[in-house]
Amino acid sequence: NDKFVEIFEGDSSVYSLIITKEQVYLERIDKVSYDQMSIEFINYISDYSLLNKNFNEFINTSYRLYQLIFQQHSMPVGRIIISPDSRYFPIEALVTNKNLPPSYLVQTHSVSYTHSARFLMIDFSTVPGAITRNFMGLAPVYFEPSLNQASSIGSDISLRALRSNFRNAEIRIFADASRNNFLRDFSDYRVIQLYTHAADKKNT
């Protein structure tokens with residue numbers, strides 16, 4: 001009953017990708033509600049006195065955040081691997097049943113974290129000394145005016161810092177971080193980091 005959950009946070013939308021042995025679910029989450037609930041949740045678990053003072057409100061916030069992420073999908077007992085995005089918080093502390101005493105996700109699931117699904121596919125038994133391409137990062141930093149997207153200032157600096165953690169790593173920044181270069185080379189690397197924007201086609 002292992003499950004994989006990845007959260008994508010965009011400028012206007014949030015998505016949860018839930019993969020089980022039987023099904024794959026991709027759910028769109030209301031961004032305003034997600035931002036509000038996750039910030040409130042983090043505030044509660046970061047302040048012991050605030051949590052004790054407003055325990056019932058914490059339970060409601062935690063339960064609503066659980067519902068937003070898992071969208072009423074059945075989560076049988078087992079292991080969950082979480083791949084979060086920009087906002088980190090302990091998924092295992094989410095309330096799954098707010099009846100007193102409340103039930104928490106950690107009571108029925110062993111929770112672990114990874115920075116990407118691709119990382120889980122790395123074969124760490126590779127023979128030492130073999131030449132492998134471990135990391136590729138792309139950061140355009142600035143985008144075409146026609147795209148109407150905010151610049152990702154500082155993303156090139158972040159990539160340089162990430163590169164120092166890998167052997168056989170390569171980064172593409174500014175004009176070199178093009179779509180064509182990405183599509184040509186990404187399959188050769190084990191771990192990929194993109195500093196860019198994404199969009200979906202909304203139903204009309």
Side-chain angles (χ1 to χ4, degrees), residues 2-19 24 26 29 31 34-35 38-39 41-43 45-46 65 69 78-94 105-106 109-144 147 149-199:
D2 289 358
K3 294 162 283 292
F4 175 78
V5 179
E6 185 154 8
I7 300 174
F8 306 89
E9 297 182 45
D11 293 335
S12 59
S13 298
V14 178
Y15 295 89
S16 64
L17 173 66
I18 303 174
I19 303 176
V24 175
L26 179 61
I29 301 172
K31 180 173 175 57
Y34 178 82
D35 287 346
S38 57
I39 291 172
F41 180 75
I42 292 171
N43 288 339
I45 62 175
S46 301
L65 185 56
I69 294 173
R79 183 176 65 153
I80 296 181
I81 301 174
I82 305 292
S83 178
D85 203 343
S86 60
R87 186 174 288 113
Y88 291 81
F89 52 84
I91 298 288
E92 60 269 26
L94 294 179
L105 190 66
V106 71
H109 293 82
S110 173
V111 180
S112 58
Y113 295 83
T114 183
H115 63 76
S116 70
R118 184 70 178 265
F119 182 78
L120 300 175
M121 301 172 64
I122 296 177
D123 180 9
F124 290 99
S125 64
T126 302
V127 177
I131 298 176
T132 56
R133 296 184 176 185
N134 291 320
F135 177 84
M136 182 174 105
L138 281 86
V141 185
Y142 303 103
F143 301 89
E144 292 292 335
L147 297 176
Q149 297 288 358
S151 300
S152 55
I153 304 299
S155 56
D156 55 320
I157 299 173
S158 177
L159 271 188
R160 290 188 178 97
L162 285 172
R163 179 174 59 183
S164 65
N165 296 315
F166 295 87
R167 293 182 178 178
N168 300 308
E170 183 175 355
I171 63 172
R172 307 283 178 81
I173 58 176
F174 299 108
D176 194 36
S178 67
R179 180 176 183 270
N180 287 339
N181 285 344
F182 170 73
L183 293 176
R184 184 189 65 210
D185 298 333
F186 82 93
S187 61
D188 294 334
Y189 294 85
R190 291 178 168 182
V191 178
I192 297 173
Q193 175 70 41
L194 302 178
Y195 285 97
T196 184
H197 299 280

Between the main-chain N or O of Ile173 and the side-chain N or O of Asp156, is there a donor-acceptor pair closer than 3.5 Å?
no

Looking at Ala169, is its backbone amide N or carbonyl O close enough to the side chain of Asn134 to form a donor-acceptor pair, meaning the two atoms are under 3.5 Å apart?
no

Answer yes or no: is there a side-chain heavy-atom contact under 4.5 Å between [X] and [Y]?
X      : Y      : value
Ser38  : Tyr88  : no
Thr196 : Gln149 : no
Val106 : Val111 : no
Phe4   : Ser83  : yes
Ile82  : Glu6   : no
Pro84  : Phe89  : no
Arg190 : Met136 : no
Ile80  : Ile91  : no

Rounded distance [0.5 Å steps], [atom1] in [X] versus [atom2] in [Y]:
X      : Y      : atom1 : atom2 : value
Ser13  : Phe8   : OG    : CZ    : 13.0 Å
Ile81  : Ser110 : CD1   : OG    : 9.0 Å
Glu170 : Leu138 : CD    : CG    : 8.5 Å
Phe41  : Tyr34  : CZ    : OH    : 10.5 Å
Ile157 : Tyr195 : CD1   : OH    : 10.5 Å
Ile45  : Leu94  : CD1   : CG    : 9.0 Å

Taking every non-hydrogen atom, the tightest pair across [X] and [Y]:
X      : Y      : answer
Ser155 : Ser152 : OG-O, 2.7 Å
Phe182 : Ile192 : CE1-CG2, 4.0 Å
Leu159 : Ile171 : O-CG2, 3.9 Å
Ile69  : Ile7   : CD1-CD1, 4.2 Å

Tyr113 side chain to Glu92 side chain, donor-acceptor N/O pair below 3.5 angstrom
yes

Asn43 and Ser46: side chain donor to acceptor below 3.5 Å:
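Their side chains do not contain a donor-acceptor pair, so the 3.5 Å distance test is not met.
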
Within the 6.0 Å centroid threshold, strictly below: Phe135 and Phe166
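So the answer is yes for these two rings.
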
Name all residues meeting the salt bridge (charged side-chain N to carboxylate O under 4.0 Å, His left out) criterion together with Arg87; count only those two or more places apart in sequence or in a different chain, and write none if there are none.
Glu9, Asp35

Would you say CZ of Arg179 has more than 12 non-hydrogen atoms from neighbouring residues, nucleotides or ligands within 6.0 angstrom?
no

Would you call Arg172 and Asp185 a salt bridge, taking side-chain N to carboxylate O under 4.0 Å as the test?
yes

Taking the inter-plane angle between the rings of Tyr142 and Phe174 on a 0 to 90° scale, is it parallel (under 30°), tilted (30 to 60°) or perpendicular (over 60°)?
parallel

